[in-house]
Amino acid sequence: MNGIKNSLAGKTLFITGASRGIGLEIALRAARDGANVVIAAKTTEPHPKLPGTIYTAAEAVEQAGGKALALVLDVRDEERVKAAVAQAAEHFGGIDACINNASAINLAKSEDIDLKRFDLIQQINMRGTFVTSRACIPYLRQSSNPHILALSPPLTLRADWFAQHLPYTMSKYGMSMVMFGLAEELREACIACNALWPRTTVATSAVEFALGGDAMLRQSRNPQIMADAAHAILCRPARAYTGNFVLDDDVLAEEGVTDFDRYRNDPASALLPDIFVDPEAPLPPGSSYAPAS
């Protein structure tokens, strides 16, 4: 596509929250191309209920064929973010993509949420995306195909979605607003800024821990679908592909994918639409919420 190879070989990705889940899957997908991956996250010791640390993630990246750098990072700490980005750029000779994957979830309603938790999800989600993206911009300006990607939803202003979990919705839409503004602000610099969101819930240990239940995991797709969609976006020409808010299976359909059943966690279960997704919206060919035939 416009001279951009469908590979991230030799590219350097700075991924926040990549010790597990979708962030780790994006890292592994890039590693299979031979990419350099910066695992920037807080987890240095195993969580009692969640697998993975920055060190186990870095080892997995190396085993998959990439080069890894594990950095301890709390995206709320501006100075540490700037230092981590600079260290990553020095280590690998630059940065080609910034993936804002780090996120905190709390689905409490306005009257129920503790204000400390409210502040936490705003600081990690919206502010963390802004701080990390801004820190990467000087290095991205030197890349031949620079991308900033946030895992956040399309900016569909439906009051019923806001009402269900206003604090969390504000934080995730805030991430998308950062992409919306930066896409135009950085257009002349040819730095692509896009947002990617899953059509269905995604089976990760964090979702199981935060939202609970094997039933939700059975009704979810696996995180590989988001990794494949992110890979497709990062391989697109930054000059031409920016300011987009897309769902994972729509991106893959544009790449010619028609078999989405392979991403199901349980082919016998109906899929559950993710929050911020209209279940009545048209689906790409081959995608369905119904159990696999």
Side-chain angles (χ1 to χ4, degrees), residues 17 21-23 25-26 99-109 121 125-126 129 149-180 183 193-204 206-208 210-213 215-233 243-255 257-267 269-292:
I22 293 172
E25 290 300 330
I26 293 174
I99 294 89
N100 292 288
N101 168 73
S103 186
I105 184 170
N106 186 298
L107 301 183
K109 289 184 175 293
I121 61 177
N125 298 354
M126 184 274 288
T129 295
L149 180 65
L151 302 192
S152 57
L155 289 169
T156 305
L157 297 181
R158 284 184 45 164
D160 56 336
W161 290 351
F162 276 75
Q164 291 176 37
H165 28 66
L166 176 59
Y168 181 66
T169 304
M170 291 170 64
S171 73
K172 295 303 290 187
Y173 274 51
M175 293 175 68
S176 296
M177 290 174 68
V178 173
M179 293 301 99
F180 184 68
C193 300
N194 298 290
L196 173 67
W197 192 246
R199 186 180 297 276
T200 74
T201 53
V202 175
T204 65
V207 167
E208 182 181 15
L211 304 180
M216 172 166 283
L217 294 183
R218 290 195 302 271
Q219 291 180 280
S220 300
R221 286 170 168 163
N222 59 54
Q224 285 77 22
I225 189 169
M226 286 289 284
D228 287 348
H231 179 273
I233 290 172
N244 299 286
F245 299 84
V246 290
L247 300 182
D248 51 6
D249 54 5
D250 283 333
V251 172
L252 294 176
E254 292 171 354
E255 298 293 316
V257 175
T258 57
D259 176 16
F260 292 98
D261 286 342
R262 62 192 174 103
Y263 294 113
R264 288 174 177 266
N265 209 37
D266 176 12
S269 296
L271 292 171
L272 185 67
D274 206 348
I275 55 177
F276 313 127
V277 174
D278 183 354
E280 302 300 322
L283 300 171
S287 181
S288 172
Y289 292 117

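Numbers for residues simply follow the sequence, beginning at 1. Bear in mind that the values here come from a model prediction, so they are computed numbers and not experimental data.
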*So, does Lys172 use its side chain to make a donor-acceptor pair with the main chain of Ser103 at under 3.5 Å?*
no
*asked:* Is there a side-chain contact between Asn106 and Tyr168 in this structure, where contact means two heavy atoms from C-beta onward sitting under 4.5 Å apart?
replied: no
*Which atom names give the shortest non-hydrogen contact between Asn265 and Leu217, and what distance separates them?*
ND2-O, 2.9 Å
*Provide the closest heavy-atom pair for Leu271 versus Arg264 in the form atom of the first, atom of the second, distance.*
CG-NH1, 3.5 Å
*asked:* Using only atom types and a distance under 3.5 Å, with no angle test, would you say the side chain of Tyr173 pairs donor to acceptor with the backbone of Thr156?
replied: yes
*So, for Ala108 and Pro167, which heavy atoms are closest and what is the spacing to 0.1 Å?*
O-CD, 3.6 Å
*Within a strict 4.5 Å, meaning less than it, do heavy atoms of the Ser269 and Met216 side chains meet?*
no
*Mind checking whether Phe180 and Phe245 have parallel, tilted or perpendicular rings, split at 30° and 60°?*
tilted
*Positive for side chain to side chain donor-acceptor pair (under 3.5 Å) with Arg221, one of Asp249, Asp274, Thr201, Asp266*: Asp249
*Are any of the side-chain heavy atoms of Ile22 and Asn101 separated by less than 4.5 Å?*
yes
*Which atom pair, heavy atoms only, marks the closest approach of Ala102 to Gly17?*
CB-N, 3.9 Å
*asked:* Rounded to the nearest 0.5 Å, what separates atom CG in Leu149 from atom CG in Asn194?
replied: 6.5 Å
*asked:* To check you understand the geometry: which heavy-atom pair defines the closest contact between Asn222 and Arg262, and what is its length?
replied: ND2-O, 3.6 Å
_From Asp250, Ile26, Ile233, Leu247, residue fulfilling side chain to side chain contact (heavy atoms under 4.5 Å, CB included) relative to Leu196_ = Ile233
*Is a donor on one side and an acceptor on the other found under 3.5 Å between the side chain of Ser176 and the backbone of Pro153?*
yes
*Run the numbers on Ile275 and His165 for side chain to side chain contact (heavy atoms under 4.5 Å, CB included), then give the verdict.*
CA-CA 10 Å; Ile275 55 177; His165 28 66; 3.9 Å; yes
*Assert yes or no for the condition that the ring centre distance of Trp197 to Phe276 is strictly below 6.0 Å.*
yes
*Taking all non-hydrogen atoms of both residues into account, name the closest pair between Arg199 and Asp248 and its distance.*
N-OD1, 3.1 Å
*Heavy atoms, side chains only, cut-off 4.5 Å: are Ile105 and Ile121 in contact?*
no
_Test your reading of the model: is there a side-chain donor-acceptor pair from Asn100 to the backbone of Met175, 3.5 Å cut-off?_
no
*Under 3.5 Å: donor-acceptor pair, side chain of Ser288, backbone of Ala290*: yes
*Using 30° and 60° as the class limits, which term best fits the ring planes of Phe260 and Tyr263: parallel, tilted or perpendicular?*
tilted
*Are the side chains of Thr204 and Glu25 in touch, meaning some heavy atoms are under 4.5 Å apart?*
no
*When you measure from the side chain of Asp278 to the backbone N and O of Glu280, does any donor-acceptor pair fall under 3.5 Å?*
yes
_From CA spacing to verdict: side chain to side chain contact (heavy atoms under 4.5 Å, CB included), Thr169, Gln164_ = CA-CA 8 Å; Thr169 304; Gln164 291 176 37; over 6 Å; no
*Any side-chain heavy-atom pair of Thr129 and Met179 under 4.5 Å*: yes
